[in-house]
Amino acid sequence: MTFKTSTGALGLCCAALVTLAAPLQARDLTVVSWGGNYQDAQREIYFDPFRATGTPLLEETWDGGYGVIAAQLQSGAPSWDVVQVETEELMLGCADGLYEPIDWDALGGKDRFIPSAVSECGVGAIVWSTGLDYDANALKTAPTSWADFWDTKTFPGKRGLRKGPKYALEFALMADGVPADEVYTVLATPEGVDRAFAKLEEIKDDIVWWEAGAQSIQLLASGEVVMTSAYNGRLSGLNRTEGTNLKMVWPGSIYALDSWVILADTPNLEAAKDFLSFVNEPERQAKLPEYIAYGLPVKASGDLLSDAQRAELPTSPENLEGAIALDGDYWVDNVEALNARFDAWLAQ
């Protein structure tokens, strides 16, 4: 991506370029991920070992949003280099030229990766699921569906949902009786969107909206909510570190793939490429499920896992039963309008 400057005397232009170049070149590689126990795991197996190779690395966290990345680049002095993004952020940014193309030869070729991990300007980072989570020590009767999530008489108390229309609308339709594999067909109609918002309205006063992945599990573990939508890996990670007994209802969950992207025109392009090669070493990537149960994009990494580790992943056949894939195309086409409608609805 090229940002134009106003024309002027050649000497002044060159001097300005020299002035700008020095701090850009001096900036350390900055990698951005999702925080919480997931980023704690990444620090152990990726970030700290990569720093040990001699390349300085700064890490930051974010809560997502395509506009955040666009603003980084529009500022003319982005402070990020490598970012882990969700499906629609990958698709939108790739179409708009915000990311560097991936050098697949440097990563050993596309065939090393599961097909969904391969795109023009992103390389898969994890496969993860969002589903209904609850504390098995707190509930005598376990919820089994999104209909139970909406049943405030049988399961009194607050519920947690990710703030925004994505996931909330899909789960609302499932709670209203739409089969999981028909959700996006229904949601593609104006009547389906109206139906989803009407269903959300039923429990609006009972919802605690969360924005960061770590927040959802904190709400559940503290007892502030009786159940919540949450990312499967966050749940497994807290169970391991804190001895909690949090459970996930896999049927009705939505699985997706996050990707690593390199922001366009980064001054740290070579270091960013080295980082992507580093995190996609099979032996290194296979360590992730020891900390947090996310699926792995490098095929050879999966071969190194135990049967017990595979059983926890969203990619296991048992956990995929009754689950659906996030429809990235739907959200690319509709995210702006639905975000606006959601914000207006929430403010009512």
Side-chain angles (χ1 to χ4, degrees), residues 1-5 17 20-34 39 42 46-47 49-51 53-127 256-282 284-285 296-298 328-329 331-332 335:
M1 174 176 289
T2 301
F3 295 93
K4 295 181 180 179
T5 58
L17 288 173
L20 287 171
L24 286 174
Q25 294 296 338
R27 182 171 66 76
D28 290 339
L29 176 71
T30 300
V31 178
V32 185
S33 188
W34 301 108
Q39 193 152 332
Q42 290 178 307
Y46 297 146
F47 302 159
F50 186 76
R51 292 183 183 106
T53 68
T55 301
L57 182 152
L58 298 177
E59 55 177 288
E60 294 190 19
T61 65
W62 77 318
D63 295 328
Y66 180 64
V68 178
I69 290 179
Q72 275 274 330
L73 290 166
Q74 289 166 1
S75 72
S79 58
W80 295 353
D81 301 299
V82 180
V83 186
Q84 189 169 326
V85 299
E86 294 187 7
T87 302
E88 71 273 17
E89 293 151 354
L90 171 66
M91 298 171 70
L92 287 167
C94 198
D96 289 345
L98 300 192
Y99 310 140
E100 294 285 340
I102 296 297
D103 183 351
W104 286 103
D105 289 337
L107 294 175
K110 297 177 180 179
D111 290 345
R112 292 183 62 232
F113 297 81
I114 60 175
S116 58
V118 176
S119 73
E120 178 185 351
C121 42
V123 55
I126 53 169
V127 181
L257 183 133
D258 275 7
S259 298
W260 292 112
V261 297
I262 301 174
L263 297 195
D265 293 337
T266 168
N268 292 310
L269 180 58
E270 292 308 313
K273 289 182 176 181
D274 289 343
F275 175 79
L276 292 190
S277 295
F278 189 82
V279 300
N280 284 295
E281 295 172 359
R284 189 171 309 282
Q285 196 173 98
L296 308 176
V298 175
D329 289 328
W331 283 108
V332 165
V335 66

Which atom pair, heavy atoms only, marks the closest approach of [X] to [Y]?
X      : Y      : result
Val261 : Gly122 : CG1-CA, 4.1 Å
Leu276 : Trp260 : CD2-CB, 3.5 Å
Ala264 : Leu73  : O-CD2, 3.7 Å
Tyr66  : Leu92  : OH-O, 3.5 Å
Gln39  : Glu60  : NE2-O, 3.3 Å
Leu98  : Ala70  : CD1-CA, 4.0 Å

Roughly how far, to the nearest 0.5 Å, is [atom2] of [Y] from [atom1] of [X]?
X      : Y      : atom1 : atom2 : result
Gln72  : Thr266 : CD    : OG1   : 11.0 Å
Asp274 : Leu29  : CG    : CG    : 9.0 Å
Ser33  : Ile126 : OG    : CD1   : 7.5 Å
Asp81  : Ile262 : CG    : CD1   : 9.0 Å
Tyr99  : Leu90  : OH    : CG    : 6.5 Å
Phe50  : Leu57  : CZ    : CG    : 6.5 Å

side-chain contact (heavy atoms from CB on, under 4.5 Å) between Asp258 and Trp34, intermediate numbers included: CA-CA 11 Å; Asp258 275 7; Trp34 301 108; 2.9 Å; yes
Checking the side chain of [X] only, and the main-chain atoms of [Y] only, is there a donor and an acceptor separated by less than 3.5 Å?
X      : Y      : value
Glu88  : Val335 : no
Thr30  : Asp28  : yes
Arg112 : Leu107 : yes

With a 4.5 Å cut-off on side-chain heavy atoms, are [Y] and [X] touching?
X      : Y      : value
Val123 : Val279 : no
Phe113 : Asn280 : yes
Val31  : Phe47  : yes
Ile69  : Trp62  : yes

Which residues share a side-chain contact (heavy atoms from CB on, under 4.5 Å) with Pro49, sequence neighbours left out: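 For Pro49 the side-chain contact (heavy atoms from CB on, under 4.5 Å) partners, ignoring immediate neighbours, are Phe278, Arg284.
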For Glu120, check side-chain contact (heavy atoms from CB on, under 4.5 Å) against everything at least two apart and list the hits.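 side-chain contact (heavy atoms from CB on, under 4.5 Å) list for Glu120, sorted by chain: Cys94.
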Between Gln84 and Gln42, is any side-chain donor less than 3.5 angstrom from a side-chain acceptor? yes
Verify side-chain contact (heavy atoms from CB on, under 4.5 Å) between Met91 and Asp329, making sure each step is shown before the conclusion. CA-CA 8 Å; Met91 298 171 70; Asp329 289 328; 2.8 Å; yes
